[in-house]
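Because the structure is predicted, anything quoted here is derived from the model rather than measured. Only this structure's heavy atoms are used, side chains among them; waters, hydrogens and symmetry mates stay out.
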Amino acid sequence: MLIRKLAVLVFILPVMKPLESELGLISPFTVTVMITSAAYSIAALAGLWSVLHWRGAAINRYSYWFASLHTLYHSAASAYLDRHGMIRRRLWA
């Protein structure tokens, strides 16, 4: 627990301080947050399509179900984030 707190103090907080000043402006950081959140949603949908497309392929059952559960998890997480307005979030608005 102490190591985790020290890691946050040493590695994460010094990086976040300069970024806090950019949250009201259009900057590479805020544009990247918007684009990568949309890319996450698109990748989750592409994973669902891929699982459904390769459903009848001759592959290991364990691998298929692992991929299916993994894809369903990311699709649910993407839907949750979208429901709460975190997908395509514009930090400058």
**OP:** May I ask you to decide if H74's main-chain N or O and S78's side chain share a donor-acceptor pair within less than 3.5 Å?
**Re:** no
Original post:
Angle class for the W49/H53 ring planes (parallel below 30°, perpendicular above 60°, tilted otherwise)?
Top reply: tilted
**OP:** Nearest 0.5 Å please: distance from the OG1 atom of T71 over to the CG atom of L52.
**Re:** 9.0 Å
**OP:** Check whether V51 and L69 end up in the same hydrophobic cluster, where Ile, Leu, Val, Met, Phe, Trp and Tyr are linked by side-chain heavy atoms less than 4.5 Å apart.
**Re:** no
Subject >> Between OH on residue Y40 and CG on residue D82, distance to nearest 0.5 Å >> reply: 11.5 Å
Original post:
Which distance, rounded to the nearest 0.5 Å, do you find between the CD1 of I87 and the CG of L81?
Top reply: 5.0 Å
Original post:
Has Y80 got more than 12 heavy atoms of other residues, nucleotides or ligands less than 6.0 Å from its OH?
Top reply: no
**OP:** Report yes or no: does S37 contribute a side-chain atom to a donor-acceptor pair with the main-chain N or O of M34 at less than 3.5 Å?
**Re:** yes
